[in-house]
Amino acid sequence: MTVMSPVARRLLKRKEFKKYIKKCIRGDIEWKDKKLSPMKSALRIILRKEQNETCVYCQRLITIERRNTQEDIEHYLDKSKPHYRKYTFSPINLVLSCHTCNFVKSTKDIGGPTLRGGGYVSLQSRDFRWPHPYIDDIEKCIVKLRGPVYEIVPGSGKEVESENMIEDLRLNDIANIESREAYLKSRNFKIMDIVSDFVSSNNNSVRLRTKRLIEESRAIQKEIY
Ligand SMILES: [Zn+2]
């Protein structure tokens, strides 16, 4: 992901969403207001696809079963900070992250001094504590090895920022790695169970679900084995 998505940009300009977006920017409604739900659901679908069903920070698969509880529309620059409020609906600031990364990141300020002082983000901005998902392409800055274990990519030009991100998000934290692995293994066993029940079905929707589960299982195996 090296460019902002035109699809996401168009979505945020849709008439039926715009009036609530304006209300939210004015402070009349909150980000969590139900009126913004249709916009958020549509945005999730777009981001999921663009991010290949993975979290933008830890690059891990967001499993189908946990989608709604395990993925969050994430504001790279934290919208609760007054100096970043203007980026609440900016496509350059919106990504999809897993719940763990969002929780660990919390309200950490990822902007540097210029942005904190009210400066504007542009594609040329270099004023961030971490690599930026759209400006830098995180996968070219941090490599996820099996485990997963994270390492900085030498020569990316973002070594310091990558190190900050690995540390701030505790990506190499043993507890984090072990609980993830345990979850994926049990999820994989569960998929095998469901699929073996489905395998002889002639029903089309069951076959489609089986196909999706098998794809998920392949992605899990790629991550942990
Ligand atoms: Zn994550």
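Order of appearance sets the numbers: ligands from 1, and atoms from 1 within every ligand.
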request  = Can you sort out the partners of Tyr84 under ring pair (Phe, Tyr, Trp, His ring centres under 6.0 Å), two or more places apart, ordered by chain and number?
outcome  = none
Can I get a per-line list of side-chain donor-acceptor pairs under 3.5 Å for residues 192-199, giving both atom names and the distance, sequence neighbours left out?
| unit_1 | atom_1 | unit_2 | atom_2 | d |
| --- | --- | --- | --- | --- |
| Ser196 | OG | Met192 | O | 3.2 |
| Ser196 | OG | Asp193 | O | 2.8 |

inquiry  = Under 2.8 Å from the Zn ion (ligand 1) - does any N, O or S atom of His99 fall there?
reply    = no
Distance-minimising heavy-atom pair for Lys79 and Thr88 = CB-OG1, 3.8 Å
message = Given the Zn ion (ligand 1) as the apex, I'd like the angle to SG of Cys55 and SG of Cys58, rounded to 10 degrees.
response = 100°
note = Vertex the Zn ion (ligand 1), ends Cys98/SG and Cys101/SG: angle to nearest 10° comes to 100°
request  = Could you tell me whether Tyr87 and His75 have their ring centroids closer than 6.0 angstrom?
outcome  = no
